[in-house]
Amino acid sequence: GKTEHSFVLCRGGLAERLCRLQNRERSAISFWRHQCISDDKTPSDKSGVLIVKILEIFEECTIQVAICQQLEQSPVALSPEDAVINAEEPILKVLFTRETAAHLKSRPQDIIHIYPPWQKLLLQNADVPVIMNTYFSQKVLLSEHSEAREKTYGLTKMLIRKNIISLAQTFRLDDFDDKLHQELSDNEVACAQQIRNNSDSKQHPLALSAVNDSLLEMVESQGAVGWGEVQVRVIIQRVYCLPAREGCRSHTQGNKPLLSNGGMFCRLCLLVQDAYGMFSEVQLQSLSSTDDIEQYCRRWEGKSCCLAGMKILQRTTRGRALGLFSLIDSLWPPVVPPKVPGQSQDSERMTTNLPPPSFCYILTVQSAEIHVEVDEEEQISNLYQPAAVHGLKEILRSDGCNERCSFWARVLYQRLQTKHNVPIDQRDILLFVTDSTLQNVVHGIPKVVAVSVTASCVLSMEIREALSAGSQLVFFKDALWGNGRIICVERTVLLLQKPLLCSAAGADLSELTGPVRLDELDSTTQANSVCALRGTVIGVNESTAFSWPTCDRCGNGKLELCPQDRELLYCSQCSEVVTTPVLKMQLEVFLSCPSRSQSTLKVKVWREITLFVLLTMLLFLQTYEVHSVLGKEVGLLNCYVHSVTSHPNCVALEEIVLL
């Protein structure tokens, strides 16, 4: 047969036998509970029944532990509150599984009947026996008063104290903080004493506000429902924004909406790591639209923080979240040897052979209040791994596949990729960038590379405005490199300022000096690239030449006739009449190029471009005769390559202006 995880069990093996045993056990428990309901709630056979009264309840490692007093017989005539506890009756520690505890919904002062086959375990150096195998248990309501109390308490949620048992405490590690251990023990004793001395069952123990250092321990001990007030200390390795799911776009926190990324709603996220090397992604619920991701990176990255009030969104694996794990892999192995359960901390232990994590928990806050306390005054943790900055030449020469890379480059030209039926704010952007390592290369590596910014990569308004204003030095943090392409995807961050902490790794990060050079057009030039072109005019496509008016304020090329005066033009973006429109023109020119002699070059030029100005002047001097410009030499022209075809052998280009 197959389990729900599609693992095949060997016929007759231990796993199959255990699976059958568990199924029979669940069926027996369900049948017994159904029989209890059918037989007027109480089984008739009382032989071997253990009767206990609950004094205290707490949770430990997902098991509910009840400190109980054994009763010789059930107080039939009395309610549980009136039943006097005899000091000579033995004290027992009764263990209930999570399923049994959820069925009983027990509280202090409740009477519980535990039916066979329960078992008693006597531990060495312990005075209190432990009762196990308590699947067949039933709460007994002995009076109308008890039933009324049960209905009243059913409307309120019982708060169960959860004891966090540290791995260091379990394995008695030498470097365990004894002071913290003693404080926790004192708190637990005080809390237990208060419960024993208080007969009012309306007061319940609360969860202790303990600080742990293991994410996995917190998940296993607290469960997927939530962590309550228990905290776990982690290191913030990365800060970034992720696009919010469709169902989260209407979420607001007070007057703070989710950050809008050009119409796309986003949320602030943290990639955190604990002392044992485990990672988790924490998705915070909101981010003020006026805040910038850059300030969060500077303030929070590398700092330790305490997480509380978290809940698990999902447990994801490498196969289901390649983007997340490519970022985790870039932070692995750790710079400091992580803690190992059952072993003392060893700073000399090697970290290079440690296997990378295979799963990661996605966490989020349980309520609108964010439970992330970052100690911004604290020094940078030695567990923090800043982005390793490389030159573009080194990145292009590496053989990595889907690896994260960080670099500092100048943006020369940007272009919105054309996709039919896709809104503008969801289209990919091509950024053509260069640095000093590429400009100094003679052969073999392009002088300018294209960086594809996908719609899932969140760009701050500061970045968008800076790129629109002109050429900018941009720091690309955690971009994806593979298959000859650099892509900015989810969890990639673009910054205008280089982080205070970054590892240069010996890269040449000197600033560009002198004019930027593009690769000249040749047989290796590909579509969606930029190049420099020089050639000879061999024709002009007069049939495709046209002109149109644009707004002199915003450049809008879709002007309308003014409703009040049909002789004037109106700009819908500015909502004003355009009295002095700017005339733009388009023209296609055919060139021949010695470096690509077998191809016809079709260049689209505009009114402001060098080639168009040259052709206009020549045509004007020759009374607009096209043949007068044929054979004229032009170049060097900066062009964007639209397409390269072999049948017919043609290269379609567009003259551009670098930022």
Side-chain angles (χ1 to χ4, degrees), residues 62 157 162 164 207 209-261 264-274 276 278-289 291 293 296-297 299-301 303-318 320-325 327-328 331 357 359-374 456-458 478 489-493:
T62 73
K157 183 179 180 181
K162 297 183 179 181
I164 306 302
S209 182
V211 179
N212 204 335
D213 63 350
S214 171
L215 284 165
L216 186 60
E217 207 170 281
M218 291 296 298
V219 170
E220 291 181 344
S221 62
Q222 301 297 302
V225 178
W227 293 3
E229 297 301 321
V230 183
Q231 300 181 4
V232 58
R233 183 173 296 277
V234 293
I235 302 300
I236 301 176
Q237 291 286 4
R238 292 292 184 268
V239 179
Y240 46 81
C241 282
L242 287 179
R245 292 192 302 270
E246 203 67 37
C248 302
R249 293 190 175 186
S250 61
H251 176 82
T252 57
Q253 176 190 347
N255 295 323
K256 291 186 176 183
L258 295 173
L259 176 66
S260 177
N261 179 38
M264 181 190 302
F265 291 89
C266 314
R267 64 178 57 203
L268 185 66
C269 298
L270 311 177
L271 182 64
V272 301
Q273 186 179 24
D274 67 6
Y276 295 86
M278 181 177 173
F279 290 89
S280 282
E281 183 177 74
V282 182
Q283 297 184 0
L284 306 183
Q285 290 200 6
S286 64
L287 179 66
S288 172
S289 58
D291 289 335
I293 183 64
Y296 286 100
C297 291
R299 287 166 46 193
W300 288 3
E301 278 195 7
K303 304 295 180 66
S304 65
C305 75
C306 287
L307 304 178
M310 297 286 122
K311 67 178 180 180
I312 301 174
L313 280 182
Q314 70 175 115
R315 178 186 184 273
T316 189
T317 58
R318 185 173 295 271
R320 291 184 293 181
L322 294 176
L324 173 60
F325 278 89
L327 181 55
I328 291 176
L331 302 171
F359 65 92
C360 177
Y361 284 98
I362 310 297
L363 309 175
T364 187
V365 292
Q366 294 193 75
S367 60
E369 182 180 356
I370 296 178
H371 299 273
V372 179
E373 296 182 5
V374 182
S456 62
C457 176
V458 178
D478 299 321
V489 293
E490 289 184 351
R491 303 175 182 86
T492 299
V493 179

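Note that the structure is a prediction, hence the values are computed from the model and not measured.
Heavy atoms only, all atoms of each residue included: C306 and R233 are closest at SG-NH2, 3.4 Å. Across C360 and E281, no two heavy atoms sit closer than the pair SG-N, 3.9 Å. When all heavy atoms of C457 and T492 are compared, the closest pair comes out as SG-O, 3.6 Å. Here the closest heavy-atom approach between residue I293 and residue C241 is recorded as CD1-SG, 4.0 Å. The nearest pair of heavy atoms linking R267 to L284 is CB-O, 3.4 Å. Heavy atoms only, all atoms of each residue included: L215 and F279 are closest at CD1-C, 4.2 Å.
Atom CD1 of residue I362 and atom CZ of residue R315 lie 11.5 Å apart, to the nearest 0.5 angstrom. Taken to the nearest 0.5 Å, the OH atom of Y240 stands 8.0 Å off from the CG atom of L270.
For E490, there are no side chain to side chain donor-acceptor pair (under 3.5 Å) partners, not counting sequence neighbours. Partners of Y361 according to the ring-ring contact (aromatic ring centres under 6.0 Å, His included) rule, which considers only residues two or more places apart in sequence or in another chain, are F359. Listed by chain and residue number, Q237 satisfy the side chain to side chain donor-acceptor pair (under 3.5 Å) test with Q273 (two or more places apart in sequence, or in another chain). Residues satisfying the salt bridge (Lys or Arg N to Asp or Glu O under 4.0 Å) test with R299, not counting sequence neighbours, are E376. Every residue meeting the side chain to side chain donor-acceptor pair (under 3.5 Å) condition with R320, not counting sequence neighbours, appears here in chain and number order: T317.
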Tell me, with the steps shown, if Y296 and L268 meet side chain to side chain contact (heavy atoms under 4.5 Å, CB included).
-> CA-CA 9 Å; Y296 286 100; L268 185 66; 3.8 Å; yes
I would like to know whether L363 and I312 meet side chain to side chain contact (heavy atoms under 4.5 Å, CB included); could you show each step before the answer?
-> CA-CA 5 Å; L363 309 175; I312 301 174; 3.9 Å; yes
Criterion side chain to side chain contact (heavy atoms under 4.5 Å, CB included) on D478 and V493, from CA distance to verdict | CA-CA 7 Å; D478 299 321; V493 179; 5.9 Å; no
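Looking at S280, its side chain never comes within 3.5 Å of a backbone N or O of V272 through a donor-acceptor pair. Between the side chain of R238 and the main chain of C297, no donor-acceptor pair closer than 3.5 Å is present.
Side-chain contact between D274 and V234 is present, with heavy atoms from C-beta onward closer than 4.5 Å. Contact check for M218 versus M310: no side-chain heavy atoms found under the 4.5 Å cut-off. Counting heavy atoms from C-beta outward, L271 and R491 have side chains that stay 4.5 Å or more apart.
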